[in-house]
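To keep things clear, I will list the structure first and then write my remarks on it.
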4 protein chains.
Amino acid sequence: MAEQEKNQESFARGRRRSSQSHQAILQAAREVLEQVGYQAMTIEAIAARAGVGKKTIYRWWPSKAAVALESLTSHTEVYVPFPDTGSLERDLTLYFELSFPGLQGKSGTVLSGLAAEAQLDPVFAHEFQRTFIVPRKQELVALLQRGLQRGELAPDTNLEVLADLIYGAKWYRFLLHPAPLDDVFAREIVKLILRLRSEASRT
Amino acid sequence: MAEQEKNQESFARGRRRSSQSHQAILQAAREVLEQVGYQAMTIEAIAARAGVGKKTIYRWWPSKAAVALESLTSHTEVYVPFPDTGSLERDLTLYFELSFPGLQGKSGTVLSGLAAEAQLDPVFAHEFQRTFIVPRKQELVALLQRGLQRGELAPDTNLEVLADLIYGAKWYRFLLHPAPLDDVFAREIVKLILRLRSEASRT
Amino acid sequence: MAEQEKNQESFARGRRRSSQSHQAILQAAREVLEQVGYQAMTIEAIAARAGVGKKTIYRWWPSKAAVALESLTSHTEVYVPFPDTGSLERDLTLYFELSFPGLQGKSGTVLSGLAAEAQLDPVFAHEFQRTFIVPRKQELVALLQRGLQRGELAPDTNLEVLADLIYGAKWYRFLLHPAPLDDVFAREIVKLILRLRSEASRT
Amino acid sequence: MAEQEKNQESFARGRRRSSQSHQAILQAAREVLEQVGYQAMTIEAIAARAGVGKKTIYRWWPSKAAVALESLTSHTEVYVPFPDTGSLERDLTLYFELSFPGLQGKSGTVLSGLAAEAQLDPVFAHEFQRTFIVPRKQELVALLQRGLQRGELAPDTNLEVLADLIYGAKWYRFLLHPAPLDDVFAREIVKLILRLRSEASRT
DNA sequence: AGGTAACCGAGACGGTACGTCGTGTCTTTGC
DNA sequence: GCAAAGACACGACGTACCGTCTCGGTTACCT
């Protein structure tokens, strides 16, 4: 969120940011999210639970979405590692199976809430893309790239667009379509993807 | 949403006003959306502009999202017909090229706003899926089915999941990923889909 | 305000009070008062304008009222000398005419602001009385005493109460009553006071 | 406070002001004033105690001072009747003795708080003068007028200025000067006033 | 000469109240 | 007898200052 203060120790005047408050706020946000969900979470509730003035939150984050995003990403458990087993089929299946559980329950609520906020608040949208969407997409592209180099995909496959298809299907079911995110879905997607092994004949 | 006022001129006791108000509200919603966008639109603003009591809005719609949804769908221009040219490649490309423009500009804002609301309000989520998401998905499945029957897709292709991939990619770029929805994207997706023609060898 | 550090040089360790900051604060207070008036003046604004930490102000004054009071009294122009012309009528008339202008404009705003603060803050009320109200009252009593000794007032006149009447009329018009503080008012008051020359007949 | 809605029944649309809320607010204000004093009273506390939204208070009063003023004057006990005994001396003495007790204790705090607010808020100052200060002054002038007609004051006495002197002395001791408002003070003032019986000789 | 205590500018901190906004409900009155 | 106008209870918003604290640094007295 705020790593851009590196070369400023020259004119760092006044009291420093309290990392105690910083952590208390993120922890409080996690607890409030757990209890009432993203929609009902308020800055006031976070401040009250963290024992912190509202100003302190507004000083460091522009919106409740930003707090929620950092409270989500600062907890390592949320991060799903991208597998590298030497097989595209296993990598993809494994990735889906690992990432689906995090979309269920309260943590899923947070994520869909952040996606909602990104629609309503362009500033947050940019931040969300920068710190969440794009890095994950890049890792997925790398995963596909490894498969391509092993010959598991046609060499001329547009990996960017393929990643859009894969992530898109997942987000589509998560956000919009009333259909389950389960192992059956994972297998069916992987089955379709693997057919792309074949060279493009024409077009 | 509210088509049940048909045979009511008989006991016209100020009731005839109803469908007039109904239209005025939808029209006002469209204007407010146009001017301030989905996020900043309020029920109060719609009521004021329509010259209508807020109660009248709440009587027929449960939320501003519901008003926006109906104001969007009641305008036929938004509806994109699914092509049937006899060629899967042409059908898909045409569909993309026709539907992308509606996601730009203000009407795109409304749609992403509704998608956002669906994350935050489960009641509206259900309505949005029922009247918007699912019908379009079914039409896309039908389009793919026609291609499959023509032999343009492998006979054992899971069309539901394939539709998730296609719609997913579109919504993913629209809602989450900072990448353009243009003809290049359309062509690349179609190119990938068409490779699925080949029979599944193993898996 | 802070003259009680006389016999403390025994354990006067550390840096001494910066008279430069002291003066900068009083000057900044005067400027802020001039620009925004007493009500809108804040400690933060004074500190910012003086280029001084808020703590430095709180170290030496208990409230913004105390700063304003000192910034007012430290400027000699505000002090109105009590005349001694040998005539009660001339002394009183002159005093009024000299003191009325200071109640107009911004400096009047400060004074009424301090009077307001004295209602709201008992600690400041005491300070305001001690350093402002009482000394002036005593000088007025002395002025009246000189008149009494010259036979211009009845010998049994209660000068304390008479001073209350005179000052009261001035403050009443200044703070509460929407009537002008001008030479006509001054003359009319003096006219009434001078009638007290006559001995009390009964009572 | 709001008597200007007389000839408006022609276009009185919408829900009317709830007199229940109105009274609840005034009552709550009285209670809060009693408990914490004027300075510490807040709009939020009044709203909470009255079971009323803050908006409802702001809709009808511009400031907490206005609420306090109406809550004070709407309680008839505060009003001190001006006596008419046929004797100026008795009228004045009686008036003082009746009015001094109301300046002690909590109700005195409210009054000095309102006087303070009038210094800080020009809009309220005008309202305070209009509904509180001026009417009382006029009654005092009338009281003096009765004495003058009975020959208890010189016929050319400037009653306006005399009233300023009398009220001024009272307010001066009440707001500014650390001296008691008691029967001794009342008698001494009256004694001085009564000396004005004599005709002006010169001046 | 060094130690150390009090000062200084800057500004983040926990708090409190502000006045506004939008929600969804409820009156009142006019048509 | 419906529906416009709009008052209502509620509750979060984001802001403004308060008075305190922490920080790095500066005097200037006292060993």
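Numbers restart at 1 for each chain; the letters A, B, ... are given by sequence-line order, proteins then strands. All values reported here derive from a predicted model rather than from experimental measurement.
Distances were taken from every side-chain heavy atom of D:T56 (C-beta onward) to each of F:dA9, E:dC13, F:dA7; the shortest belongs to F:dA9. For A:Y58, the side-chain atoms get nearest to F:dT15 when compared with the rest of E:dG9, E:dC8, F:dT15. Of the candidate nucleotides E:dC8, E:dG19, F:dC18, E:dC8 has the atom nearest to the side chain of C:W60. Side-chain proximity of A:R15 to the nucleotides E:dA12, E:dG14, F:dC10 is greatest for E:dA12. For A:R59, taking side-chain heavy atoms from C-beta onward, the closest of the listed nucleotides F:dC21, E:dC13, F:dA7 is E:dC13.
With the nearest nucleotide of DNA chain F identified for both A:K54 and D:A47, D:A47 has the one nearer the 5' end. Where C:S18 and B:K55 each meet DNA chain E at their nearest nucleotide, the meeting point lying more 5' is that of C:S18. Map D:V52 and C:I43 each onto its nearest nucleotide of DNA chain F; the residue landing nearer the 5' end is D:V52.
Regarding A:Q20, its CD atom lies at a distance of 11 Å from the P atom of F:dC23, rounded to whole Å. Between the NE2 atom of C:H22 and the C1' atom of E:dG9 there is a distance of 18 Å, rounded to whole Å. Following rounding to the nearest Å, D:R17 (CZ) and F:dA7 (C1') show an atom-to-atom distance of 11 Å.
Aromatic rings of D:H22 and D:W60 (six-membered ring for Trp) have centroids beyond the 6.0 Å cut-off, not under it.
Between A:R16 and E:dG11 there is no side-chain polar atom (N or O) within less than 4.0 angstrom of OP1 or OP2. Phosphate contact (OP1/OP2 of F:dA4, side-chain N/O of B:S21, threshold under 4.0 Å): present. Residue C:T42 has no polar side-chain atom (N or O) positioned under 4.0 Å from OP1 or OP2 of F:dA16.
Residues A:R49 and A:V32 are in side-chain contact: their nearest non-hydrogen atoms beyond the backbone lie under 4.5 Å apart.
Atom-to-atom distance recorded for A:S63:OG and A:Y58:OH is 9.0 Å, nearest 0.5 angstrom. Atom-to-atom distance recorded for D:L120:CG and C:S112:OG is 7.5 Å, nearest 0.5 angstrom.
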